[in-house]
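Whatever order the structure lists ligands and atoms in, that order sets their numbers, starting from 1.
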Amino acid sequence: MVKQFEAEVVIIGAGITGTTIARELSRYKVETVVVEKSMDVGIQGQTKASGGMIYTGLVMLMSFIVKSMIAPDSPLYDPDSQKIKWLEQGFDMAPQWLEELDIKHRRLITLVIATNNEEVKALESLLKLGERIGGRYASPRWADRNACLEMEPYLTKDVIVGLFSEGDVIEVTPWELAIAQSENAKQNGVTFMLNTQVTGVSQNNGYQLVETTQGPIKTRFIVNAAGILIDKVSDMGGARDWNLTFIRNLFLVLDKRVGRLVHTNLCLPPRQGKGPICVSTLDGNLMVNTGGYMMPRDRYDLGAYPGEGLKNLIEAKKYVPEISEKDVIHTFAGMRVFNTRDPEENIIEPSSTNPRFINAAVRLPGIIPAVPIARYVVKLLGDAGLELVTKSDFNPYHKAIPRFRDLSDSERSRLIAQDSRYGHVICSCETVTEGEIVEAIKRGARTVAGVRYATRAGMGRCQGEFCSPHVVSILARELNIPVTAIMESSVGALVMPFES
Ligand SMILES: Cc1cc2nc3c(=O)[nH]c(=O)nc-3n(C[C@H](O)[C@H](O)[C@H](O)COP(=O)(O)OP(=O)(O)OC[C@H]3O[C@@H](n4cnc5c(N)ncnc54)[C@H](O)[C@@H]3O)c2cc1C
């Protein structure tokens with residue numbers, strides 16, 4: 001007999017949107033289940049491929065300019081639009097959010113450079129736009145050639161001038177946020193059903209039945225946060241008056257050897273789909289993003305085409321000449337999602353035929369506004385009849401797995417004295433210890449990819465060539481299942497990211 005589960009609210013999708021809603025809902029006495037088709041949280045959708053920038057000010061100004069190129073008839077900046085309100089609130093809420101969840105982050109300087117007269121003019125327009133809007137958008141200042149080279153000593157000597165602003169970009173590792181939120185939501189009573197795909201939704205005597213690959217879930221409310229598959233899940237639940245369009249973005253990850261070459265969020269003035277050049281990541285790699293927007297073949301078009309990465313690298317070398325093709329250790333594509341009803345807005349609303357089925361179709365950027373959007377979804381659930389009684393024992397705090405690589409010698413010694421497995425390095429590229437891997441498994445990692453994203457084991461120069469077999473055997477040992485089962489699920493997790 002198929003087991004039937006029950007919950008007051010079912011959230012579909014455990015990316016940044018689903019996990020933030022789950023955490024916000026866990027402040028209340030509500031029985032919540034999150035259903036995710038992947039075996040691990042936050043590592044299969046857009047969240048995994050995100051640039052991980054929480055920004056306002058100068059970077060947001062650049063996105064207004066890009067928008068004016070794509071949609072010349074809509075206002076450049078509309079302070080009353082829901083999207084802008086959520087983005088500004090989200091940026092302001094970020095410090096507390098990251099603090100509570102113990103998320104590694106840092107503030108960055110954004111430097112937008114000009115290497116020809118046309119780009120100088122573009123910088124002037126950017127500055128004027130910022131002054132016209134005022135407030136947080138009036139932060140950019142000029143940096144002359146010397147100041148640019150002082151900020152970025154490895155920058156091309158062709159730089160003429162730059163615009164910079166300080167502190168209005170917070171860099172995070174995006175999937176860490178989703179993982180931390182799922183752990184915090186679990187601490188506060190939310191159930192996560194992983195490796196569970198939603199296949200249908202039906203109505204039954206005032207209840208809804210969410211059909212999944214692990215059996216049906218009887219529920220009163222559904223929140224659809226299925227990312228690039230949100231239209232498909234929405235169709236299962238009833239009427240949908242919008243479609244999705246997709247834009248593909250290719251990123252190159254460069255070895256830590258060259259991380260020192262860039263210190264700022266280094267950008268060119270916005271052109272259609274272009275702006276960023278590269279940025280060093282929190283863990284010291286360089287991330288190159290010179291490819292601009294590309295129309296994908298379809299929403300599953302996430303691989304790199306032959307030569308595509310190299311073309312982007314050659315473009316980046318024009319600005320940071322010391323980087324080389326030998327430094328590329330990983331290439332991946334991300335899929336940006338827009339709805340056709342109003343590509344400028346998010347669709348966060350109940351389905352027109354079913355007030356208890358809420359769609360959370362987030363357009364980019366989706367990490368910045370995640371908390372205000374989640375709070376709005378909770379309000380919509382309340383409006384639709386969900387009783388929201390606050391929990392007196394809600395705990396907003398989450399503790400990250402110790403990052404051995406970031407600790408001082410004395411902190412390392414203390415950790416090893418508590419648990420000798422922290423003295424056994426498994427991934428030598430990223431200095432990840434057995435203790436961290438075991439802790440990630442205790443917290444829910446189930447595949448090699450899950451361990452990789454939770455700890456960085458396998459994210460270094462060799463891309464897991466040396467440590468993967470060790471990670472497989474630790475997974476098998478800790479979960480008490482055969483090595484072959486781990487290999488099967490790990491391969492599945494890596495090769496079927498968006499199977500619908
Ligand atoms: C290249 C790129 C760069 C970006 N850069 C930034 C940035 O710098 N800053 C920023 O704020 N935003 C950025 N974004 C946008 C941001 O990453 C997304 O808006 C956000 O991650 C969307 O999260 P989500 O949870 O809605 O979707 P996803 O992360 O895609 O999560 C959806 C989840 O639903 C699951 N799912 C789907 N169908 C089913 C089903 N039938 N059953 C069960 N589970 C299902 C999927 O497996 C997935 O885990 C970027 C996006 C891209 C692509």
Side-chain angles (χ1 to χ4, degrees), residues 10-22 33-56 59-60 63 86-87 90-91 94 169-175 177-178 181-182 192-201 210-214 217 222-237 246-251 265 273 275-276 279 287 289 291-294 296 299 302 332-338 346-348 359-371 373-374 377 493 496-500:
V10 170
I11 298 171
I12 303 167
I16 195 77
T17 308
T19 55
T20 316
I21 296 168
V33 168
V34 179
V35 183
E36 166 56 53
K37 69 187 178 62
S38 162
M39 289 186 79
D40 300 283
V41 166
I43 69 164
Q44 286 230 332
Q46 296 167 77
T47 303
K48 175 201 108 176
S50 168
M53 298 291 185
I54 297 178
Y55 53 83
T56 189
V59 180
M60 200 57 88
S63 76
W86 283 336
L87 287 174
F91 182 83
V169 172
I170 306 173
E171 188 180 24
V172 297
T173 306
W175 57 84
L177 259 171
Q181 294 199 111
S182 72
F192 279 72
M193 288 176 67
L194 302 179
N195 197 21
T196 306
Q197 183 166 342
V198 172
T199 53
V201 173
V210 180
E211 303 289 347
T212 80
T213 46
Q214 308 285 344
I217 312 172
I222 295 173
V223 177
N224 174 15
I228 71 162
L229 295 173
I230 196 159
D231 52 340
K232 295 188 185 280
V233 173
S234 185
D235 281 341
M236 296 173 197
F246 303 94
I247 288 177
R248 184 172 161 277
N249 223 189
L250 191 80
F251 288 96
N265 176 30
V279 64
M287 185 126 99
N289 177 16
Y293 293 167
M294 288 164 280
R299 70 180 81 190
L302 289 163
F332 66 92
M335 203 57 73
R336 298 168 187 245
V337 186
F338 302 85
N346 307 287
I347 293 184
I348 315 289
N359 288 306
V362 178
R363 63 123 29 234
L364 153 112
I367 293 173
I368 309 171
V371 176
I373 286 179
V377 169
M496 297 189 296
F498 286 125
E499 201 189 42
S500 56

Side-chain ([X]) to main-chain ([Y]) donor-acceptor, under 3.5 angstrom:
| X | Y | result |
| --- | --- | --- |
| Arg336 | Leu364 | no |
| Asn224 | Ile230 | yes |
| Ser50 | Lys48 | no |
| Gln44 | Ser38 | no |

Ligand-residue contact atoms, ligand 1 with [X], heavy atoms, under 4.0 Å:
| X | result |
| --- | --- |
| Val35 | 43 (C), 44 (N) |
| Leu364 | 4 (C), 13 (C), 14 (N), 15 (C), 50 (C), 51 (C) |
| Gly52 | 7 (C), 8 (O) |
| Thr17 | 23 (O), 24 (P), 25 (O), 26 (O) |
| Thr47 | 21 (O), 23 (O), 25 (O), 28 (P), 29 (O) |
| Ile367 | 10 (C), 11 (O), 12 (N) |
| Val233 | 41 (N) |
| Phe251 | 1 (C) |

Nearest-0.5 Å distance that lies between atom [atom1] in [X] and atom [atom2] in [Y]:
| X | Y | atom1 | atom2 | answer |
| --- | --- | --- | --- | --- |
| Met236 | Leu229 | CE | CG | 8.5 Å |
| Asn195 | Met39 | CG | CE | 4.5 Å |
| Thr47 | Leu177 | OG1 | CG | 9.0 Å |
| Lys232 | Arg299 | NZ | CZ | 4.5 Å |

Structural part of [X] in contact with ligand 1, heavy atom criterion under 4.0 angstrom:
| X | value |
| --- | --- |
| Ala178 | neither |
| Ala49 | backbone |
| Met335 | backbone |
| Asn249 | side chain |

Query - N/O separation below 3.5 Å, Gln46 to ligand 1 - result: yes

Of [options], which has the heavy atom at the shortest distance from [atom]?
| atom | options | answer |
| --- | --- | --- |
| atom 5 (N) of ligand 1 | Gly200, Gly51, Pro369, Gly90 | Gly51 |
| atom 40 (C) of ligand 1 | Val198, Asn289, Val279 | Val198 |
| atom 8 (O) of ligand 1 | Arg248, Met53, Met236 | Met53 |
| atom 31 (O) of ligand 1 | Ala226, Gly13, Gly15 | Gly15 |

Query raised in the report: Closest heavy-atom contact between Trp175 and Gly42?
Result: CB-O, 3.5 Å

Query raised in the report: Hey, is Thr196 one of the residues with a heavy atom under 4.0 angstrom from ligand 1?
Result: yes

Query - Option among Thr213, Ile217, Val34 that satisfies the side chain to side chain contact (heavy atoms under 4.5 Å, CB included) test with Met193 - result: Ile217

Query raised in the report: With distance as the sole criterion, is a donor-acceptor pair present between the side chains of Gln181 and Thr20 under 3.5 Å?
Result: yes

